[in-house]
Amino acid sequence: MNIQWYPGHMTKTRRMIGENLKYVDVVAEVIDARIPIASRNPDLDELVGGKPRVVILNRADQADPAASKVWGAYFRAQGISVLECDARSGAGVKQFSPVMRAALKEQIARWKEKGQVGRPVRAMVVGIPNVGKSTFINKVAKKKSAKAGDRPGVTRGKQWITVDQGLELLDTPGILWPKFEDETIGLHLAFTGAVRDAIMDVETLACHLIQLLAQRKPESLAARFKLVPEEGMDGWALLEAGARKRGFLISGGEVDLERMAHILLDEFRGGKMGRITLELPEDLERGADPSGAP
């Protein structure tokens, strides 16, 4: 599956981020804790340069907690501060301001030396579409300041949001990069809804997801679909078996794969299949396919 999605406004967003870096002290990058590799935009490393960074592992409530701990250590080893949270419920969001100030500890000390007491920390919040960035900002600001939506590309223009006297946020539209070099990256983004379902075949996407779950989290398939993967079963066989377990049949006893595909994706995205992380730092380090596919 060759998934490409780069609306024209994203070119504008990339330019906007570069132009506005000079106005902020720190960059907060919201990523999906379930797919920390796929949900990071590699362009940002080049764009942000040496600016202090904070990675926000959002949707941590849906990710494997042990895996999130490993990811936290991975980012901190690179000098990047980390915050685990769930923007929807607000869990962990209160730690955002302390984490930001800790990331700028030396800078804040220099401000005090210059007599700039009370100067607010200005942070740019970035992230690819549909990682919960707007919802996160709304929780931090305790008001509906940033327009949130379930579909990618809702936030179109930049806007400044005052959290309190000591913290101001610059919201930016979600940005993807022009080309996914690794097909797995596109697939993992599609699994979580970061790219539109309308641009791909949902049944084929579900086949990839169910095969990955069979490899990395088979117990989730057993729990939700009473499906125990057998050796050698490919994605289509797994999808058909799951449909039969759920009784998704149409006229003539034929299996309704489309219905099964939508149910599988909806339940994974809704966290109904348990706390699942699809990627680990070792996938990057060994240069392996993070899908776990043979």
Next on the checklist: Can you tell me how far apart CG (D86) and NZ (K139) are? Round to the nearest 0.5 Å.
Outcome noted: 8.5 Å
Checklist entry - L249, I263: one ILVMFWY side-chain cluster at the under-4.5 Å cut-off? => result yes
Checklist outcome for this item: Note: G132 and A87 closest approach over all heavy atoms is O-CB, 4.1 Å
Item to check | Non-hydrogen atoms of R269 and L205 that approach each other most closely | outcome: NH2-CD2, 4.2 Å
Next on the checklist: Set out, in order, the CA-CA distance, both residues' side-chain angles and the distance that settles salt bridge (charged side-chain N to carboxylate O under 4.0 Å, His left out) for R246 and E267, then state yes or no.
Outcome noted: CA-CA 13 Å; R246 282 283 179 100; E267 294 197 359; 3.1 Å; yes
Next on the checklist: Would you say that D171 contacts F136 through its side chain, given a criterion of any heavy-atom pair below 4.5 Å between the two side chains?
Outcome noted: no
Item to check | pair M273-Q62: side-chain heavy atoms closer than 4.5 Å | outcome: no
Checklist entry - Can you check whether E279's main-chain N or O pairs, donor with acceptor, with D283's side chain at less than 3.5 Å? => result no
Next on the checklist: Between R76 and W71 (side chain of the first, backbone of the second, donor and acceptor by atom type, cut-off under 3.5 Å), is there such a pair?
Outcome noted: no
Checklist entry - Are the side chains of L167 and P120 in touch, meaning some heavy atoms are under 4.5 Å apart? => result no
Item to check | Shortest non-hydrogen contact from V121 toward V26 | outcome: CG1-CG1, 4.1 Å
Item to check | Path from V228 to M233 over hydrophobic side-chain contacts below 4.5 Å | outcome: no
Item to check | N58 and V131, any side-chain heavy atoms less than 4.5 Å apart | outcome: no
Next on the checklist: Side chains of I56 and F96, heavy atoms from C-beta outward: is any pair under 4.5 Å?
Outcome noted: yes
Next on the checklist: Donor-acceptor check, side chain of N130 to backbone of G193, threshold 3.5 angstrom: yes or no?
Outcome noted: yes
Residues 104-114, side-chain donor-acceptor partners within the protein, below 3.5 Å, at least two apart:
{"residue": "Q107", "atom": "OE1", "partner": "R110", "partner atom": "NH2", "Å": "3.0"}

Next on the checklist: Please check if the number of heavy atoms outside E230 that lie under 6.0 Å from its CD is greater than 12.
Outcome noted: no
Checklist entry - Roughly how far apart are D234 CG and Q211 CD, rounded to 0.5 Å? => result 6.5 Å
Item to check | Verdict with supporting geometry, N20 and W160, side chain to side chain contact (heavy atoms under 4.5 Å, CB included) | outcome: CA-CA 11 Å; N20 285 278; W160 279 99; 5.6 Å; no
Item to check | Expected output: side-chain S89 to main-chain A91 donor-acceptor under 3.5 Å | outcome: yes
Checklist outcome for this item: Residues L21 and M124: closest non-hydrogen pair is N-CE, 3.9 Å
Next on the checklist: I need the E183 CD to L187 CG distance, nearest 0.5 Å.
Outcome noted: 5.0 Å
Checklist entry - I31 and V70: same hydrophobic cluster, using ILVMFWY side-chain contacts below 4.5 Å? => result no
Next on the checklist: Does any part of the side chain of L57, heavy atoms only, come nearer than 4.5 Å to the side chain of L83, both counted from C-beta?
Outcome noted: no
Checklist entry - R59: what forms a side chain to side chain donor-acceptor pair (under 3.5 Å) with it, not counting sequence neighbours? => result D32
Checklist entry - Please walk me through it: do W236 and T204 pass side chain to side chain contact (heavy atoms under 4.5 Å, CB included)? => result CA-CA 8 Å; W236 289 105; T204 304; 4.0 Å; yes
Next on the checklist: Tell me if the NZ atom of K51 is crowded by more than 12 foreign heavy atoms within 6.0 Å.
Outcome noted: yes
Item to check | Any F191 side-chain heavy atom under 4.5 Å of H208 side chain | outcome: yes
Checklist entry - Which value, rounded to the nearest 0.5 Å, describes the distance between T162 atom OG1 and L169 atom CG? => result 8.5 Å
Item to check | Check: L278 main-chain N/O paired with K217 side-chain donor or acceptor under 3.5 Å | outcome: no
Item to check | Side chains of L227 and I210 in contact at under 4.5 Å (non-hydrogen atoms) | outcome: yes
Checklist entry - Same cluster for I250 and L239 if Ile/Leu/Val/Met/Phe/Trp/Tyr side chains link at under 4.5 Å? => result no
Next on the checklist: Run E168 and I161 through side chain to side chain contact (heavy atoms under 4.5 Å, CB included) and show every step you take.
Outcome noted: CA-CA 6 Å; E168 296 177 359; I161 296 149; over 6 Å; no
Next on the checklist: Closer than 3.5 angstrom, by distance alone: can the side chain of R275 be matched with the main-chain N or O of D61 as a donor-acceptor pair?
Outcome noted: yes
Checklist entry - Is it true that a side-chain atom of D64 and a backbone atom of I276 form a donor plus acceptor pair closer than 3.5 Å? => result no
Checklist entry - So how far is it from E19 CD to L47 CG, rounded to the nearest 0.5 Å? => result 11.0 Å
Next on the checklist: Could you measure the distance from the CG atom of L238 to the CD atom of E240? Nearest 0.5 Å is fine.
Outcome noted: 10.5 Å
Checklist outcome for this item: Shortest non-hydrogen pair, S39 vs P36, comes out as OG-CA, 3.9 Å
Checklist outcome for this item: Heavy-atom closest pair (L189 atom, A38 atom, distance to 0.1 Å) is CD2-O, 3.3 Å
Next on the checklist: Has R53 got a side-chain atom pairing as donor or acceptor with G79's backbone, closer than 3.5 angstrom?
Outcome noted: no
Item to check | Sidechain-backbone polar pair: E29 side chain, G127 backbone, donor-acceptor under 3.5 Å | outcome: no
Checklist entry - Taking it one step at a time, do R34 and F268 satisfy side chain to side chain contact (heavy atoms under 4.5 Å, CB included)? => result CA-CA 11 Å; R34 298 168 296 177; F268 171 73; 4.2 Å; yes
